[in-house]
Amino acid sequence: MPVRVIDEWFGTCAGCEMSILDMGEALLDILPLIEIVHSPVLMDHKYYPHGNNGTKPEIPEADVALITGMVRNEENKLLAQEIRNKSKILIANGSCAAFGGIPALANMFTREDMLDKIYKHMKSTEPGEPPKENVPALLDRVYSLDEVVKVDLYLPGCPSEPSLIMGAIKSLIEGKPFTLSDKAVCDDCPRIREKKALSSIRRPLQAAESAERCLLEQGYLCLGPATRTGCGGEEKVPRCIAGGFACRGCFGSLRTGGNQMVDMMSALSTIGLDVKQIPDRLATFNRFTGARGRLRPMKPAA
Amino acid sequence: MSKEIVIQPVTRIEGHAKVTIKLDDKGDVSDARVHVLELRGFEKFSIGRPVEEMPLITPRICGVCPWAHHLASAKATDAVFGVTIPEAARKLRELSYMCEMSADRILHFYFLAGPDFVMGPDADYKERNVMGIVSKFPDLARKAVRTRHLGTVMTEIVAGKAVHPVAAVPGGFGKVLKESERDKVREMAKEVLEFAKFSIKFAKESIFPKYLDLVKSLAIFNTSFLGMVTDDGGMNFYDGKLRMMAPDGTYEDFLPENYLDYISERTEDWTWLKFPYQKKVGRLDMDLENPVGVYRVNALARINVVDKIPTPLAQAELVEFRKLFGRPAQQTLLFHWARLIELLYASEHALELLDDPAILSKDIRTPVTPRAARGVGVVEASRGTLIHDYETDENGMVKDVNLVVATVQNNAAMNMSVRHAARQLIKGGKYDDGILNKVEMVIRPYDPCLSCGTHDMPGRIAIKLDIVDSGGRVVQSLVPGG
């Protein structure tokens, strides 16, 4: 019997859906093994079918549900609860669903401050009021999926890695366990470490002197030591490193539920660096993990 | 008794939008709206970040066209730092961009718009989606899946990371292209070009001729168009001046950094999506017979504003298109045709860039120094003109951000299109599945990407249609195909 799948998205950029497509031709090979029962992007299953006045979305039973995006409004929350109720396994697909992702940087500001900026202080926008009619209410902040419902499996990444999505789906079809690596990005990084102490951090405003040496040891902040590896797919070369840049940290902590900021600060202290040098520390170390109270408004709302 | 039809969710526009159609006592359409239900607030939380973070943060606005944001942002930071980037860096940026553009055009034609035309607007909803195409035309589907994916593979070779890239940095590009990599990418680019040639031929022979009646009747109204052109009026997605073309074909060109003189945005209390309009006209009126201040962006706009396309195959298509539809062409469904001409251009241009040995240069990055400044970066994103505008303090930290995102600029036109189609199709309170689909079919040409997303996945319209009485009670529900 095919595996029954739900695919849903909340506050997302759709990059994780691109990752599903980026399985390439292999995607066509697994299609016959799954049955998609609800997916606003794939098929015509409604939240509110005949006779329902639209307060409780109708979600079919499923073996596995994949959800991308962060939880930002009442509709996301309601759908998360309904999908959880109907699914045996719930997967947080991508860093927004798993940890809040980049949009959770908004948690450094109150909802009111954000709306004030977007509606009253934009160069090209005539000052106005946020909508009230026909749109779901915004929650006070960005929530990760597991702040709202129980999550069984996390597929981190910004976007999530196609080979890991494929691995998870294949494991489910074959009834085999699926685990993520508990190693750090540094373990897969081809750059060479000389284990020298570091005294200062440089902003990435010019090319690194060496294309072979560890970027952190050259003074460029790299979240590799505190970030779970797995983004590199078959080649295993971490993707930002492959693009000539330091690790951005999108896979989150090496340990599920771990604190990337604490891990990174201790990694930097052990190489002798004063972390106070780093501007914008909170947002830097919690770049993808601002939900669960990791990022909060810097000042209370007026 | 007046009624309201609610279409929710409209899945291919990010899943988080709905359409409401109001009917009067006779059952004719009195109004129709597209409501966008989401907000993430990038302009707020970017403030206080080091400006070099911006090309890394803003691609998360859209995972389908991350390179558009990556490059508009990188260009804005180049301007903030006051540097000109090396020639090879510009070519590498543009090559990456052409790879994304080709993939995105393939995605939209075959997986999003495609099912309506390949399977037919009135086909059973269970088949009118990518699964239907896979089972009915497996070879075509495999080719489309493969070629779209090649775009990602090519970009990974050139830039390391394709979705949410890191390679375009303030002052240039972060990764040198090796000769062996270039050769590999060139082989793939040739395959993409072949598929582009096939696609436009296939569409012109087997798809478009069947739907010319729809093209001529659905969502017809006259607007202005905005798009980028090079100094000599040619097509380019990465750099150029902006051209605002009036419905009569006259136009005004302006420098991207002067966009605030030309574009203003209005808000409404029933949608999160703002309404940009022509500032010089002074107001926005979405009246179908006499619209004021409305302009459109995206493929049809670009095809209208350019004087020529600098690659031979796409140029030949442009000439043929203009012979058939004039300039500017106003028919909304022609966005699909225009998009295929762009697929051809992007594939041809990728090969041109790869054939230029200058792209292998190791001089790809100019060092930059923080300063207080303002920088505007503009590109043509898949979905239209995209503007990033940053201000920094003396340490190069972001003080203010203004973004005018491509799809937003089609908000007025999408609302007008839905109203026009609904009026055309729903009379005397009568409508059915096919009609619902056709209402959706006038949103899809804009390839809307409302928090810059959704159009990426194959699918069909998932909509519910409730007819409610004036007290809000559901008196009839219609489930397409159900």
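Source: prediction; values computed, not measured. Excluded from the calculations below are hydrogen atoms, water molecules and symmetry mates; all remaining heavy atoms, backbone and side chain alike, are included. Proteins get letters first, then strands, A, B, ... in listed order; numbering begins at 1 in each.
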Asks: Check whether more than 12 heavy atoms from other residues, nucleotides or ligands sit under 6.0 Å from atom NZ of A:K117, and answer yes or no.
Replies: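 Enclosed: over 12 neighbouring heavy atoms sit under 6.0 Å from NZ of A:K117.
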Asks: Examine whether an atom of B:I364 lies under 4.5 Å from a heavy atom of chain A, and if so say whether it belongs to the side chain, the backbone or both; otherwise answer neither.
Replies: neither
Asks: Below 4.5 Å from any heavy atom of chain B, which atoms of A:I102 appear? Answer side chain, backbone, both or neither.
Replies: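 Both backbone and side chain.
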Asks: What part of B:V176 gets within 4.5 angstrom of chain A, counting heavy atoms only: side chain, backbone, both, or neither?
Replies: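 For B:V176, no heavy atom lies under 4.5 Å from chain A.
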Asks: Side chain, backbone, both or neither: which part of B:Y262 has an atom under 4.5 Å from a heavy atom of chain A?
Replies: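 Nothing of B:Y262, per the 4.5 Å heavy-atom cut-off to chain A.
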Asks: Tell me the closest heavy-atom pair linking B:P370 and A:R203, and the distance in Å.
Replies: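 That would be CG-NH1, 3.9 Å.
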Asks: Taking NZ, NE, NH1 and NH2 as the nitrogens, is one of them in A:E25 or B:R146 under 4.0 Å from a carboxylate oxygen of the other?
Replies: yes
Asks: Heavy-atom distances under 4.5 Å only: say whether B:V163 touches chain A with side chain, backbone, both or neither.
Replies: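 For B:V163, the contact with chain A is made by backbone and side chain together.
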Asks: Where is the tightest heavy-atom contact between B:V64 and A:A14, given as atom of each residue plus distance?
Replies: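 Minimum heavy-atom contact is CG2-CB, 4.0 Å.
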Asks: Of the backbone (N, CA, C, O) and the side chain (C-beta and beyond), which part of A:I241 lies under 4.5 Å from a heavy atom of chain B, both, or neither?
Replies: neither
Asks: Please flag which part of B:F81 lies under 4.5 Å from any non-hydrogen atom of chain A: side chain, backbone, both or neither.
Replies: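 B:F81 touches chain A through side-chain heavy atoms alone.
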Asks: Is B:H164 reaching over with its side chain to a backbone N or O of A:C158, donor-acceptor style, under 3.5 angstrom?
Replies: no
Asks: Within 45 degrees of the ring normal and closer than 6.0 Å to the centroid, is that where the cationic atom of B:K161 sits relative to A:F245?
Replies: no
Asks: Under 4.5 Å from any heavy atom of chain A, what part of B:P66 do you find: side chain, backbone, both or neither?
Replies: neither
Asks: Is the shortest distance from a Lys or Arg side-chain nitrogen in A:D22 or B:R148 to a carboxylate oxygen in the other one below 4.0 Å?
Replies: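 Yes.
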Asks: Do you know which two heavy atoms are closest between A:L28 and B:R142, and how far apart they sit?
Replies: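 Closest approach of A:L28 to B:R142: CD1-CA, 3.6 Å.
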Asks: Check whether B:V368 gets within reach of chain A through its side chain, its backbone, both or neither, counting any heavy atom under 4.5 Å.
Replies: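 Both backbone and side chain of B:V368 come within 4.5 Å of chain A.
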Asks: For B:F42, is it the side chain, the backbone, both, or neither that has a heavy atom closer than 4.5 Å to a heavy atom of chain A?
Replies: side chain
Asks: Select one option (side chain, backbone, both, neither) describing which atoms of B:L260 are under 4.5 Å from chain A's heavy atoms.
Replies: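 B:L260 touches chain A through side-chain heavy atoms alone.
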Asks: Non-hydrogen atoms of chain A under 4.5 Å away: do they reach the side chain of B:E268, the backbone, both or neither?
Replies: backbone
Asks: Hey, is B:E265 close enough to A:K123 for a salt bridge, meaning N to O under 4.0 Å?
Replies: no
